[in-house]
Amino acid sequence: MEGTPGNAETAALFERIADLLEIRGENVFKVNAYRRAAENILETGCPLAEIRAEGTLRQVPGVGEAIAEKIEELLDTGRLGFYERLREEVPESLLELLEVPDIGPKRVGLVWKNLGVTDLAGLSAAAADGRLKDLPGLGAKSEAKIRKGLEDLASRKIAVRTPLGVAWELAAAVRESLLGAPGVERIEAGGSLRRMKETVGDLDFLTAASDAEPVMDRLAESPLVAEVLLRGSTKMSVRFRGGMQGDLRVVERARWGTAWQYFTGSQAHNVLLRELALKNGYSLSEYALKRTDGTERLCAEEEEVYRILGMAWIPPELREGRGEIEAALKGGLPRLIELADLKGDLQSHTEASDGRATLEEMAEAARKRGLRYLLVTDHSQGLGIAGGLSPEALLRQVSRIRELGRSFGDGFRLLSGSEVEVHSDGSLDFTDDLLKEVDLVVAAVHSALSGDREKVTGRFLSAVRHPLVHILAHPTGRLLTGKGRTGADADWDRVFSEAAATGTALEINASPMRLDLTDTLARRAMELGCLFAISTDAHAPEQFDFAHFGVSVAKRAWIPPERVVNTWEVDRLLKWAREKPARVADRVR
DNA sequence: GCCGTTTTCGGCCCGACTGTTTTCAGTCG
């Protein structure tokens, strides 16, 4: 590990410690304490170093005396003695065994201590030799399942996590195919898909039906399904073609509320809610709120579950155990942004650069969706791979947009803009004189994102401080699809603080391949007082449909509508844009 | 290891499914 670890690295380290302790056979509550601390550290947007400087480490939920000391050691030295001693005792290569289906920490400990297995190759050999079936608690069937699990893992049939956009489409197709099954009253997807997490582990479907068998049969026979993994009387698991796993649960309609609440998660949210239920004299499960005397209160809708526990219904995007229950109990849930709040879109491309449709087609598509304005932001010349516009081409487009602008009778406004490249020295790809010709400027860093942290941060800072830059496009540059691309490692607290001070909006790019800013970074930016722009980055008319993904990121970041500049009327938006130079001047003074 | 509007000690969410089992452990969510 180089330098001081960030929150994500620290959380990952505590997760590893939890796994290693569990394999060793440590008390499960102690193990869970590390996991809970890891979760909360990961969800905290504020860097641990800063929390420590404020002396409030112990106020992070799940961080007590022992874990706080470990965090301090990590921050001071970049190392953790406790972890280094632990890994000497428990081989770290054992962690890869946890990826195998039907293998958990107990069985890893079992094969390690009894057979001397320390990695996947060793487990494969033991399974092939028939040495697993003689272990206590295992038999021939378990050995066969493990052998199959190892094969599936090796042939990559098992998907890790799937980008939200991909999972979304599969879920819609599955839901559609199950809706017509006999006896089905309602069917919805829950889990991380409903919470709109940027990647989805598996698809969770909940069905209200008088009879579970027909809908299970329907799923089992679906052409989308590659394999049925298990099937009981109310629960079934499948693997879809492509590798995603899916779970189907069937409940009575009268129990829908508790079931959907449970099936939506997150696990951390559910645990907290169930603990709260216990304090109120209830045991909460997917079936009911049960009094200690055994009587049940059924909830047909989620609202009732939350109401009985003394709070308003919590939007799924907030259910991550990040303080939403405390806020709801105090009546302090934020007013979240909704899709209908968006009045315009502030990043779009036409065939002039790398888009697939004309200016007119894009404008028409935006107008049809009820938007009041659209900012056209074709790439600047420096991004040759995307057919960036020359200064002359941009000027031609600006005058064309002004002409077209008069043709919309209903007040729809087509705005001229540019997605201008930020060079490696922090300068922009177009001159100030040219940029003054457009209504709004979106600045983007597309190259050398993985460079030196200080240098990368400097580029973002120059972009944000520029008097003519209004929005910072897809700030981290990460990509979720294909091989993916990790986002830039910058000092985001500095970038966000500067954006807040200069009134520069940070883009939440709604394209499902980007979702950038991420929810946690957006929440940190929110705390630091930033403005945002939720933009689809549409390269074709149908891509305006991406907007709801961006809205969900904003919800997950607890962002209210007034912080999002494209919820504003166009006049206010343009006034804000014109005042950027004055804000920068004030900042420097 | 964490935590407290009954607790600074003694708890720590709840259940389905499978396989190995004479009553339950392990995995998963």
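Within every chain, numbering begins at 1; the chains are lettered A, B, ... in the order of the sequence lines, protein sequences first and strands thereafter. Fair warning: this is a prediction, and the values are worked out from it, not measured in the lab.
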Just to be sure I understand the rule, does [X] reach a base, reach only the sugar-phosphate, or reach nothing, if contact means heavy atoms closer than 4.0 Å?
X      : answer
A:P136 : nothing
A:Q267 : base
A:A140 : sugar-phosphate
A:D247 : sugar-phosphate
A:S237 : nothing
A:V63  : sugar-phosphate
A:N270 : nothing
A:L272 : nothing
A:K145 : sugar-phosphate
A:L273 : nothing

Using atom [atom1] in both nucleotides, what's the gap between [N] and [M] to the nearest angstrom?
N      : M      : atom1 : value
B:dG4  : B:dC13 : P     : 14 Å
B:dG26 : B:dT20 : P     : 14 Å
B:dT18 : B:dG11 : P     : 34 Å
B:dT23 : B:dC28 : P     : 26 Å

Revision key, fill the gap. Checking N1-N3 plus N6-O4 or O6-N4 for Watson-Crick, or N1-O2 and O6-N3 for wobble, each under 3.5 Å, the partner of B:dT8 is none
Review point. Parallel, tilted or perpendicular: which describes the rings of A:W168 and A:F549, with under 30° parallel and over 60° perpendicular?
Key: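 It falls in the perpendicular class, over 60°.
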**Study point:** Whether A:F82 and A:Y34 hold their rings parallel, tilted or perpendicular, with breakpoints at 30° and 60°
**Key:**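 Because their plane-to-plane angle is under 30°, the rings of A:F82 and A:Y34 count as parallel.
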**Study point:** Given DNA chain B, 5'-ward residue of the pair A:S142 and A:Y262, judged by closest heavy atom
**Key:**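 Its nearest nucleotide being more 5', the pick is A:S142.
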Review point. So which one's nearest nucleotide on DNA chain B is more toward 5', A:D204 or A:E143?
Key: A:E143
[Y] versus [X], side-chain donor and acceptor atoms under 3.5 Å:
X      : Y      : result
A:R194 : A:T264 : yes
A:E92  : A:Y83  : yes
A:N270 : A:Q261 : yes
A:R274 : A:Y282 : no

**Study point:** A:W260/A:E301 under side-chain contact (heavy atoms from CB on, under 4.5 Å): CA gap, chis, key distance, verdict
**Key:** CA-CA 8 Å; A:W260 206 24; A:E301 302 300 335; over 6 Å; no
Point to revise | A:S266 side chain to A:H269 backbone, donor-acceptor under 3.5 Å | key: yes
Check your understanding: Is B:dT7 in the syn or the anti form, by the rule that syn lies within 90° of 0?
Key ->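 Base orientation: syn.
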Review point. Taking any atom under 4.0 angstrom from a heavy atom of chain A, which nucleotides of DNA chain B are the first and last to qualify, 5' to 3'?
Key: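 It runs B:dG1 to B:dG29.
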